[in-house]
Each structure stands twice: as C-alpha cells, then as structure tokens.
Amino acid sequence: MKLKLYFDKYLLKINSIFISLLLIFGFFLVSSATAVESQRIYDDSFYMIKNHSVAVFIGLIMFMIIRNLNTSYISYFSRTLIVLISVVLFILITYGENLNGSTRWLDIGIAVIQPSEFAKPIILLWVASQLSNNEINESDIKTVWRTIFMPGLAAALMLFQPDFGMAATIAFIVFIQLLFSKIKVIYPLLISILGSFLGWFLLVQAEYRDNRLKTWIERTCDQGEELLNKCYQIHQSRIAISSGGMTGLGPGTSRARWGSLPHAYSDFISSIIGEEYGFIGYLVFIFILSLCILSFFLIAVRTKDQFKKVFIAGLGAWILFQSILNLGASVYLLPVTGIVLPFVSYGGSAMVSIFIALGIMYSNANE
C-alpha cells in the first residue's frame with residue numbers, strides 16, 4: 001500500500017517536472033519568436049514576452065488558490081460556471097472583437113481575453129462532476145445526454161465565432177472523459193460516430209474550411225505550384241524547420257520571426273523549435289511533451305477518485321489533441337487550425353486556463 005502511495009506521489013512530481021520544463025522552454029521560444037514583432041508594433045522588443053510572463057504569473061496564482069480548495073467545493077459550482085461561460089460565448093458573437101474574420105476575443109477593459117479558452121476547464125469540471133455521481137447507472141442514457149448537452153451548446157457557440165478547431169477540441173475532451181467514466185463504452189462510441197458525421201458536415205459547409213480541407217487532401221502545397229496565399233504559411237514553416245538542420249541555428253537566431261512566418265509565436269511555435277534547435281532539439285521536445293501527456297493518463301488511471309479520474313483524463317486529452325493539431329499543422333501532416341501548443345505558445349487566455357485546470361487536478365493531491 002505504501003509503495004502504491006509513493007508511486008502515485010512520484011507520478012505527480014514527474015508530471016510537475018515535465019510541465020515546468022515545457023514552461024521554461026516555452027519562455028525562451030516566445031522570447032525569441034516575439035522580439036521582432038514586439039519591436040515593430042510596440043517599439044519594445046520585450047513587450048510580448050512581458051505579457052507572456054504576466055499570464056504565467058496570473059496562472060500560477062490561480063493554480064495556488066484553486067489547488068487548496070476541496071474538490072467537492074469546486075464541483076459544487078460546475079453548473080453555475082458552465083451556464084455563465086455559455087452566456088459569455090453567446091454575448092461574444094455580438095459584442096466580441098473581430099480579428100482576421102473571427103470573433104473570438106472579448107475586451108474587458110484591463111485585458112482582451114478569449115472566452116473559449118476558459119470554457120475548457122469549466123467543461124472539464126462540468127463533465128467530471130456529472131459523471132462522478134455515485135448514483136449513476138452505467139446504462140442510463142439520460143445521464144449521458146444531460147452531461148454532453150451543455151458542452152455541445154458551448155461548442156456550437158464556438159462554431160459561430162467561427163472556431164472549428166476549438167469546437168473539435170471540446171468534442172474530443174468530452175469523448176475521452178466519457179470513456180474514463182462508469183458509463184457503458186457503447187455510448188461514447190456511438191456519440192463519436194454521430195459526432196464525426198456532424199463534424200464533417202459542418203467542416204464542409206463553410207467555404208474557407210472546405211477550401212482548406214481540399215487543399216490538404218489534394219496535397220496542393222506539396223506540388224510546389226502554390227507558394228503564396230493558402231500555402232504560404234506551410235511553405236514558410238517547412239523552410240524554417242528544414243533550415244535548422246540537425247542541431248539548429250541556435251537559441252534566439254530564428255529568421256522566420258522577421259516576418260516571413262506569420263504567427264510564429266503562437267500557431268507555428270513548433271517551427272521555431274525546429275529552426276533554432278534542429279531535428280535533435282525537436283525530437284527531445286516531442287519526447288518530453290509525450291511523457292508529460294502520458295503522465296496525465298497514468299495519473300488518471302491510478303486515481304481511485306472518480307471525479308479526479310474523469311477530470312484528469314479530460315485534461316490529458318486537451319493537451320494531447322492540441323499538441324497533435326499544432327505539431328501536425330507545422331509539417332503539413334494535418335490542416336492548419338490555429339490551435340496553440342499547450343504550455344509553450346504565446347497566449348494569455350490559453351496559459352491561464354490551463355493553470356486553472358491544473359489547480360483543479362492538484363487540489364487535495366496530498367489528502
């Protein structure tokens with residue numbers, strides 16, 4: 001028994017070490033990738049990295065506060081929080097700030113936030129709360145529909161922004177949480193099949209998404225004929241990664257950050273990894289990230305608390321899915337979705353939201 005308890009605590013420590021490594025590495029990457037853009041826009045090459053540091057600091061404060069709360073107390077507010085975030089997502093469609101054709105950001109005066117990022121830890125909390133009830137009947141279809149209705153509503157509101165990548169992330173998170181719950185496995189499998197058809201239908205309905213999907217399926221960017229427009233970012237990402245060679249150009253020496261690769265500090269931060277640290281550095285990063293993700297699922301499997309099990313599994317799914325989308329897009333194995341790389345990419349809302357989720361995961365960890 002003592003050996004098992006030691007192993008569980010050891011897993012938590014390993015998980016925190018991996019997260020710390022990713023955060024530190026992300027700090028150096030963002031510092032390099034944002035320097036030129038910060039100087040150009042704000043006349044201060046440290047402006048964006050200072051914002052990034054503030055986001056990490058706020059996230060750490062939120063983490064420290066939440067981790068000292070009782071999980072039953074946190075779970076009690078799940079219904080209020082998911083209704084609140086749904087209202088905010090609805091308001092966002094009308095009053096949000098439109099950037100590059102998407103209404104994903106809300107100006108609250110002191111900062112511009114992305115509500116859909118904060119929806120993720122709330123949805124994790126809601127699903128875990130619903131599926132950890134001791135009175136749940138594993139064959140109760142009503143429980144399943146009651147659980148997925150609010151996340152489904154939130155995902156639908158995200159599609160109106162439009163943000164298909166975020167909606168797909170929510171769908172994947174909920175699917176994994178259902179698999180780790182006591183609900184019969186046939187239900188999440190059936191829901192995933194129906195969700196796949198619905199997702200494909202929604203994907204091809206929007207012209208820009210349909211064009212992006214066709215470009216990827218037809219491998220247009222591999223033919224070397226389309227070097228601008230829809231293939232520009234892909235080509236520049238590949239150039240950045242290939243220029244790094246085996247060992248990279250060196251920290252802080254990226255050429256892509258000078259404007260050739262748009263959003264190098266967020267959507268394409270992994271391209272900067274390949275450019276500055278080379279193929280070896282890229283492999284080391286993926287190895288650490290993979291072990292970090294694996295640790296989440298190991299902790300979920302090991303814990304006896306059903307709430308924690310479902311919640312942590314969803315958090316692992318969140319990091320896994322976004323990592324696959326981000327890394328896959330940088331080398332064109334997957335279509336570009338605009339999804340950031342967890343713990344690494346620049347983005348205040350994304351950073352704070354993941355720390356909130358970590359706070360819930362680590363709450364009562366020593367009890």
Side-chain angles (χ1 to χ4, degrees), residues 11 13-37 48-49 52-53 55-56 59 165 169 233-234 236-257 260-299 315-348 350-351 353-355 357-358:
L11 269 177
K13 289 180 180 179
I14 288 293
N15 176 262
S16 63
I17 290 172
F18 286 141
I19 291 172
S20 299
L21 288 174
L22 292 173
L23 287 169
I24 293 169
F25 189 46
F27 180 85
F28 286 109
L29 285 170
V30 172
S31 179
S32 172
T34 60
V36 175
E37 191 79 353
M48 294 176 76
I49 188 59
H52 183 77
S53 301
V56 173
T169 302
Q233 281 185 304
I234 296 300
Q236 292 302 320
S237 175
R238 285 175 163 178
I239 290 171
I241 293 173
S242 61
S243 65
M246 288 296 293
T247 57
L249 301 177
T253 58
S254 167
R255 299 165 185 164
R257 64 179 178 164
S260 60
L261 179 59
H263 306 293
Y265 47 83
S266 55
D267 303 355
F268 285 88
I269 193 73
S270 56
S271 304
I272 305 300
I273 298 174
E275 184 182 23
E276 293 191 349
Y277 297 90
F279 180 71
I280 295 175
Y282 203 90
L283 285 182
V284 171
F285 170 77
I286 292 177
F287 179 71
I288 294 173
L289 179 61
S290 299
L291 290 178
C292 180
I293 294 170
L294 179 62
S295 68
F296 280 101
F297 288 107
L298 285 175
I299 294 169
L315 179 53
W318 168 358
I319 299 168
L320 171 65
F321 192 70
Q322 288 200 187
S323 298
I324 290 174
L325 289 182
N326 184 280
L327 295 171
S330 67
V331 292
Y332 203 45
L333 289 176
L334 293 171
V336 178
T337 57
I339 291 292
V340 299
L341 190 59
F343 302 118
V344 178
S345 292
Y346 177 82
M351 188 63 71
S353 67
I354 205 165
F355 269 111
L358 288 172

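Not one N or O on the side chain of Arg257 forms a donor-acceptor pair closer than 3.5 Å with the backbone of Tyr265. Without hydrogens or angle criteria, Gln322 side chain to Val340 main chain gives a donor-acceptor distance under 3.5 Å. Proximity of a side-chain donor or acceptor of Glu275 to a complementary backbone N or O of Arg255 within less than 3.5 Å is detected.
Once rounded to the nearest 0.5 Å, the distance linking CZ of Phe296 with CH2 of Trp318 reads 9.5 Å. Separating the CG atom in Leu325 from the CG atom in Leu333 is a distance of 12.0 Å, to the nearest 0.5 Å. For the atom pair CD1 (Ile286) and CG (Leu327), the distance works out to 5.5 Å, reported to the nearest 0.5 Å. To the nearest 0.5 Å, the span separating OG on Ser290 from CD1 on Ile319 amounts to 12.0 Å. We find the CG-CG distance between Asn326 and Leu334 to be 10.5 Å, quoted to the nearest 0.5 Å. A distance of 9.0 Å separates CD in Gln233 from OG in Ser271, rounded to the nearest 0.5 Å.
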Show every donor-acceptor pair shorter than 3.5 Å between a side-chain atom in residues 19-33 and any protein atom, with sequence neighbours excluded, or say none if there are none.
| residue | atom | partner | partner atom | Å |
| --- | --- | --- | --- | --- |
| Ser20 | OG | Ser16 | O | 2.8 |
| Ser32 | OG | Glu276 | OE2 | 2.4 |

Which pairs would a plain distance check flag for residues 278-285, meaning a side-chain donor or acceptor within less than 3.5 Å of a matching protein atom at least two apart in sequence or in another chain?
| residue | atom | partner | partner atom | Å |
| --- | --- | --- | --- | --- |
| Tyr282 | OH | Ser330 | OG | 3.4 |

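The two residues Leu249 and Ser243 have their closest heavy-atom pair at CD2-O, 3.6 Å. What you find for Ala329 and Pro335 is that their closest heavy atoms are CB-O, 3.7 Å. Taking both residues in full, the closest heavy atoms of Tyr277 and Pro251 are given as OH-CB, 3.6 Å, listed atom of the first, atom of the second, then distance. Taking every heavy atom of both residues into account, Ser323 and Leu289 meet most closely at OG-CD2, 3.6 Å.
Counting heavy atoms from C-beta on, the side chains of Tyr346 and Ile269 never come closer than 4.5 Å. Side chains of Cys292 and Ile288 form no contact here, defined as non-hydrogen atoms less than 4.5 Å apart. Val336 places a side-chain heavy atom less than 4.5 Å from the side chain of Ile234. With a 4.5 Å cut-off on side-chain heavy atoms, Leu358 and Leu315 count as touching. Two residues are said to be in side-chain contact when any heavy atoms from C-beta on lie closer than 4.5 Å; Ser295 and Leu291 fail this criterion.
A search for salt bridge (charged side-chain N to carboxylate O under 4.0 Å, His left out) contacts involving Arg238 returns Asp222, not counting sequence neighbours.
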